[in-house]
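Here the structure is laid out as structure tokens; the discussion comes afterwards.
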Amino acid sequence: MGHKKKTSLKTTLQSQQIRLKNKEKAAHAAEAAELKTKHKGKGKAPALRPTIPFTPTDKILLIGEGNFSFAHALVIDPPLSLEHLPPSNITATSYDSEEECYDKYPDAKSKVDVLLERGAEVLFGVDGTRLEKCNALKKRLFDRVVFNFPHAGKGITDQDRNILSNQMLILGFLRSVVSCLAEGTIPTRNLSQKPKKPADDNDDDNMNDDEDIDSPSPSTTQGVRGTVLITLRNVPPYTNWDVPRLAKTPPKPASLGTPPNPNYKLLRSFVFHRKMWKGYEHRMTKGERAHGRGTTGEGGEDRTWEFCLKD
């Protein structure tokens, strides 16, 4: 019985991959047509400010930090709007043990030392798919939970199996993070422009808010539920993971004993500008022992999707 359901989950995820590939073909055609139209127009669009998805009062949980360079940027040299963010509001975690982390990323220790000195919290050996098992996180709630460039790191060469492995990672994270999210009302979109489509449109996976000039995080007044931010390279093979669809309409559990996957609401997506986070470096899951950073996912842009739990 369980084996049959597991096969069903795999089939569901693979059918999503086929649907996504067809959607990408249509998107490329639409993009080509749009570029052709733009070339006929006159003038240039105004420069846009990068979206900063945090406020100075947020309690922030960072998952899978690698060499802790994002946490370091957030504490030491954040964007101007976050200069009053208390370091004590930041909890940065690593999947690896402390020894493994420093072995993989030789520059991590100096960053961790600075984080601890400033008052931030650093945790090692934290599995992003089993956050409820981490004693240091029990009964604690966060306004923002961030997973930058998640990857299962299993080194699977078969593309379909690799996609499935990473989809299972995303599903596990989205199921586990529920215990860490602040409770309250759905965040309001505190933006200068209205979205082009309704927020609940299931086909609007990219809800682009990059048109917004000043784009703060959705309203974070007391009593507002926490949000999840997942950042990936917005090119294949990462787009084949279909993160927005996994969050909004997840497949049924693989086995009878597994709790159902929660449904999330996509609040927005926006370009992730690495240059805003000084010193931030995206490192491979295998660390520097892998001899190089690889070329997978070159081109395109980094994109963040922000979700909250549905009612």
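Ionic pairing of D242 and K248 is not present here: no N-O contact between side-chain nitrogen and carboxylate oxygen is shorter than 4.0 angstrom. With salt bridges taken as basic N to acidic carboxylate O contacts below 4.0 Å, none links K133 and D127. Electrostatic pairing of R233 and D302 counts as a salt bridge here, judged by a charged N lying under 4.0 Å from a carboxylate O. Classification of K265 and E306 as a salt-bridged pair fails, no side-chain N sitting under 4.0 Å from a carboxylate O.
Of the possible polar contacts, one joining the N166 side chain to the A152 backbone as a donor-acceptor pair under 3.5 Å is found. Side-chain atoms of D143 come within 3.5 Å of backbone atoms of K59 as a donor-acceptor pair (strictly under, hydrogens ignored).
Side chains of R140 and T91: a donor on one and an acceptor on the other come within 3.5 Å. A donor-acceptor pair shorter than 3.5 Å can be found between the side chains of N148 and T231. S269 and R303 form a side-chain donor-acceptor contact under 3.5 Å, judged by distance and modelled atom types alone. Counting only N and O atoms by type, the side chains of D58 and T55 include a donor and acceptor under 3.5 Å apart.
Taking the six-membered ring wherever Trp is involved, the centroid distance between the rings of F68 and F124 falls below 6.0 Å.
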Checking salt bridge (Lys or Arg N to Asp or Glu O under 4.0 Å) for the pair R225/D311: CA distance, chi angles, key distance, verdict?
-> CA-CA 11 Å; R225 67 188 63 174; D311 286 328; 2.8 Å; yes
Which is it for Y264 and V178 under the side-chain contact (heavy atoms from CB on, under 4.5 Å) test, yes or no, and what are the steps along the way?
-> CA-CA 10 Å; Y264 286 84; V178 171; 3.6 Å; yes
Does the side-chain contact (heavy atoms from CB on, under 4.5 Å) test come out yes or no for I90 and L62, once each step is laid out?
-> CA-CA 8 Å; I90 299 170; L62 306 177; 4.1 Å; yes
Given S110 and D113, is the side chain to side chain donor-acceptor pair (under 3.5 Å) satisfied, shown in steps?
-> CA-CA 5 Å; S110 61; D113 288 344; over 6 Å; no
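Residue Y102 places its OH atom among more than 12 non-hydrogen atoms of other residues, nucleotides or ligands, all under 6.0 Å distant. Atom CD of E83 is surrounded by more than 12 heavy atoms from other residues, nucleotides or ligands within 6.0 Å.
Note on I163 and L169: separate hydrophobic clusters, where clusters join Ile, Leu, Val, Met, Phe, Trp and Tyr whose side-chain heavy atoms are under 4.5 Å apart, directly or indirectly.
No side-chain heavy atom of F307 sits less than 4.5 Å from a side-chain heavy atom of T227.
Using cut-offs of 30° and 60° on the angle between ring planes, the pair W277 and F272 is parallel.
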